[in-house]
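Working notes, structure below.
Whatever order the structure lists ligands and atoms in, that order sets their numbers, starting from 1.
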Amino acid sequence: MLKNKKDTPDKYYEKGLKFKCIGCGSCCTGAPGFVYLSEKEIYDISRYLGISAILFIKQYTTVVRIFGEKRLSLREKSNYDCTFLKDNRCSIYPVRPYQCRSYPFWKNNVESEKQWNRVAKECPGVNKGILYTKYEIESIINGTPDYNIKNFRIVIDVKI
Ligand code: SF4
Ligand code: SF4
């Protein structure tokens, strides 16, 4: 029972969850999916590639309508690999998007133990290695940036 309104219910990950990426690359391929981009990530990746942000948007992203907003997502190859997966490695690793950095600690992945165990079947790094505390897990989730292109100056400028 909750003691007062400020208390939050115990989660199954009250004692934390383990994860260590082994670099297998399987989360960058497989079934179709989205890798959303914040405005800062657009600038960071385009600078890393040595091209303009507008060219990056045109060449490497697509508009997705989801959750009542428009977002930019990285394009996929015809086999659904991420456009930046090269030789089973991320070719933009130092500037990979938050969505990639924060995996597997996404809100929907940790919402129940059943869901977390489902993710464990897809990611061999889940339940192994480093222990992330509940605070760290929830900080990662709360750090998700704004993906709504309505709030991006760059996207408004290029009229996507
Ligand atoms: S599936 Fe898991 S272990 Fe493999 S690259 Fe992705 S995060 Fe790392
Ligand atoms: S940006 Fe890099 S880490 Fe993210 S899905 Fe693409 S290849 Fe994988």
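Crowding of K77 atom NZ: a count of heavy atoms from other residues, nucleotides or ligands under 6.0 Å exceeding 12.
Remark: ligand 2 atoms within the under-4.0 Å shell around heavy atoms of L74 are 1 (S).
C90 SG, 2.3 Å is the protein heavy atom nearest to atom 2 (Fe) of ligand 2. When hydrogens are left out, the protein atom nearest atom 8 (Fe) of ligand 2 is C28 SG, 2.4 Å; that is the closest non-hydrogen contact. Closest to atom 4 (Fe) of ligand 2, if we only count protein heavy atoms, is C100 SG, 2.3 Å. Among all non-hydrogen protein atoms, the one lying nearest atom 6 (Fe) of ligand 2 is C82 SG, 2.3 Å. Protein heavy atom nearest atom 5 (S) of ligand 1, with residue, atom name and distance: G25 N, 3.2 Å.
Nearest heavy-atom pair across S52 and L55 is OG-N, 3.0 Å. The minimum heavy-atom distance linking R71 with E69 is given by the pair NE-OE2, 2.8 Å. Closest non-hydrogen pair, Q115 versus N108, comes out as CG-O, 2.9 Å.
In this structure the side chain of L37 never reaches within 4.5 angstrom of the side chain of Y43, judged on heavy atoms. With contacts defined as side-chain heavy-atom distances shorter than 4.5 Å, the pair W106/I141 does not qualify.
Grouping the Ile, Leu, Val, Met, Phe, Trp and Tyr side chains by contacts below 4.5 angstrom, directly or via other members, places Y36 apart from F152.
Tested against W116, the residues Y13, F105, Y132 include a single ring-ring contact (aromatic ring centres under 6.0 Å, His included) partner, F105.
The residue T83 has no part lying near ligand 2, judged by heavy-atom distances below 4.0 Å. Contacts between P97 and ligand 2, counted as non-hydrogen atom pairs separated by less than 4.0 Å, involve the side chain only.
A salt bridge is absent between R96 and E41; no separation between the charged side-chain nitrogens and carboxylate oxygens falls under 4.0 Å.
Remark: R101 is not positioned above the aromatic ring of Y98, lacking an NZ or CZ atom under 6.0 angstrom from the ring centre and at most 45 degrees off the axis.
Each protein N/O/S atom under 2.8 Å from atom 2 (Fe) of ligand 1 was counted, for a total of 1.
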